[in-house]
Amino acid sequence: MRKIVLLMFFVGCMPLLSAQTDSLWRDSTLEVCGEWEVRRIEPAKKMTFGAFLNNLTLPFELGCAYSPKAGQTNPGFYTRTGLEYRSYKTVGWCVAAEFDAYTRWYNEVEQSLTNISKGRDWTIDLLVGGGYRFPLVKNLKEYLKRPEYNNKWSLGLMLFAGASCLTLENITPVEGKDTYNVNIIDTWVPSAKFTCSLEYSINYAISIYTTVGYLQHFIKTPIQKDLVGDLINTIGISFFFR
């Protein structure tokens with residue numbers, strides 16, 4: 001039984017072990033610059049399953065979202081999860097799919113789909129997009145010619161598109177009775193989001209970052225007085241498959 005467990009553990013770790021040494025379209029070489037050893041990024045010679053995993057990351061963010069002119073009294077609690085693929089960890093293009101969820105309090109909102117004047121709405125966003133990650137170095141042009149493997153700081157710009165679903169309660173009186181019906185209204189609208197992230201790489205497998213963003217709905221939602229988007233501020237952590 002012990003041998004079987006060890007064998008299963010070894011087989012399961014093989015992709016992660018191979019991911020330590022290569023990455024998709026990228027490999028690394030070591031050179032000596034004075035007293036320092038610098039690891040440079042070079043084009044990889046082949047594509048492997050471990051290399052593909054090496055460039056995947058699971059981002060997780062916590063923060064707040066606020067909508068001006070939406071009748072809100074306080075910013076809402078915001079979370080973001082997703083799956084992101086990067087051409088390299090701290091430089092180059094990246095693509096991502098994400099699931100956002102947030103809840104906000106509103107007050108005295110004039111709209112026709114519900115008679116609630118005070119309450120809380122729940123919103124989810126399903127988005128896909130891409131962008132580019134810039135290393136924070138003194139000479140960006142020269143760095144991009146021979147990028148370093150161990151760069152710590154980077155700035156990511158991302159653009160997403162998808163749909164948002166706002167959920168709230170509609171309370172209506174029952175005719176002839178002192179009771180009310182409570183119905184749930186789900187409103188799907190097309191949306192887009194732009195984000196800017198400052199990221200610090202702790203080690204080869206973990207990064208922390210802070211993000212500011214703007215989410216725009218292209219159709220007015222039930223609690224919005226005007227066609228206005230959400231301002232987003234978050235802090236997050238990324239776990240790489242390494």
Side-chain angles (χ1 to χ4, degrees), residues 19 22-28 38-44 51-66 75 77-102 124-164 191-217 229-242:
D22 60 1
S23 57
L24 188 57
W25 308 122
R26 301 287 185 178
D27 205 344
S28 61
V38 179
R39 191 173 294 276
R40 302 286 184 180
I41 306 169
E42 302 292 345
F52 178 77
L53 289 180
N54 198 32
N55 290 32
L56 284 179
T57 176
L58 288 173
F60 179 72
E61 298 179 18
L62 294 176
C64 63
Y66 176 70
F77 182 70
Y78 177 95
T79 63
R80 171 187 176 250
T81 57
L83 183 64
E84 183 177 337
Y85 178 85
R86 302 183 183 184
S87 58
Y88 183 67
K89 185 177 182 181
T90 59
V91 60
W93 59 266
C94 51
V95 294
E98 66 176 53
F99 174 84
D100 306 336
Y102 50 102
I124 62 172
D125 304 320
L126 301 177
L127 304 169
V128 294
Y132 197 87
R133 195 166 302 279
F134 299 89
L136 296 182
V137 294
K138 292 182 179 180
N139 193 328
L140 179 61
K141 185 177 181 180
E142 291 299 322
Y143 178 90
L144 293 178
K145 292 180 181 178
R146 303 183 68 205
E148 296 180 10
Y149 185 88
N150 298 321
N151 180 60
K152 291 293 185 181
W153 291 94
S154 62
L155 182 69
L157 302 178
M158 300 283 288
L159 182 63
F160 297 89
S164 301
S191 58
K193 185 174 76 167
F194 173 78
T195 62
C196 178
S197 300
L198 178 63
E199 184 170 349
Y200 176 77
S201 176
I202 298 177
N203 56 37
Y204 67 89
I206 301 176
S207 294
I208 57 174
Y209 55 93
T210 180
T211 299
V212 294
Y214 179 76
L215 176 71
Q216 177 64 61
H217 298 142
D230 297 321
L231 303 175
I232 300 168
N233 293 283
T234 61
I235 57 174
I237 186 168
S238 281
F239 299 96
F240 289 81
F241 290 81
R242 303 187 177 196

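Nothing fancy with the numbering, it's 1 onward along the sequence. It should be emphasised that the depicted structure is a prediction, and the values quoted were computed from it without experimental measurement.
Side-chain atoms of D100 do not come within 3.5 Å of backbone N or O of R80 as any donor-acceptor pair. Remark: the backbone N or O of A205 is paired with a side-chain donor or acceptor of N203 at under 3.5 angstrom. Distance alone, capped at 3.5 Å, places no donor-acceptor pair between the N151 side chain and the P135 backbone.
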Next on the checklist: Set out, in order, the CA-CA distance, both residues' side-chain angles and the distance that settles side-chain contact (heavy atoms from CB on, under 4.5 Å) for K193 and E98, then state yes or no.
Outcome noted: CA-CA 11 Å; K193 185 174 76 167; E98 66 176 53; 2.5 Å; yes
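For the atom pair OG of S164 and CG of L215, the computed distance is 5.0 Å after rounding to the nearest 0.5 Å. For the atom pair I237 CD1 and L62 CG, the distance stands at 10.5 Å (nearest 0.5 Å). The distance from atom CZ of F240 to atom CD1 of I206, rounded to the nearest 0.5 Å, is 10.0 Å. Expressed to the nearest 0.5 Å, how far OG of S207 lies from NZ of K152 amounts to 8.5 Å. Taking OG from S238 and CD1 from I202, the interatomic distance works out to 10.5 Å, rounded to the nearest 0.5 Å. Taken to the nearest 0.5 Å, the CG atom of L127 stands 10.5 Å off from the CZ atom of F99.
For Y214, the side-chain hydrogen bond (donor to acceptor under 3.5 Å, both in side chains) criterion is met by Q216, not counting sequence neighbours. With sequence neighbours excluded, no residue forms a side-chain hydrogen bond (donor to acceptor under 3.5 Å, both in side chains) with T57. With sequence neighbours left out, the side-chain hydrogen bond (donor to acceptor under 3.5 Å, both in side chains) criterion links T211 to S197. Residues meeting the side-chain hydrogen bond (donor to acceptor under 3.5 Å, both in side chains) test with T195, sequence neighbours left out: none.
The distance between the ring centers of Y132 and W93 does not fall below 6.0 angstrom.
Counting heavy atoms from C-beta outward, Y78 and I232 have side chains that approach closer than 4.5 Å. Side-chain contact between W153 and L198 is present, with heavy atoms from C-beta onward closer than 4.5 Å.
Nearest heavy atoms, G82 versus P59: O-CD, 3.3 Å. The minimum heavy-atom distance linking R133 with E84 is given by the pair NH2-OE2, 3.0 Å.
Counting non-hydrogen atoms of other residues, nucleotides and ligands closer than 6.0 Å to CD1 of I235 gives a total of 12 or fewer.
The pair R86-E199 counts as a salt bridge, with a side-chain nitrogen and a carboxylate oxygen less than 4.0 angstrom apart.
Contacts classified as salt bridge (charged side-chain N to carboxylate O under 4.0 Å, His left out) and involving residues 208-217 (residues at least two apart or in different chains) are not found.
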Under 3.5 Å, side-chain donor or acceptor atoms of residues 154-162 against the rest of the protein: list the pairs with distances, not counting sequence neighbours.
none

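Put simply, the residue from T79, N233, T234, T210 that forms a side-chain hydrogen bond (donor to acceptor under 3.5 Å, both in side chains) with E61 is T234.
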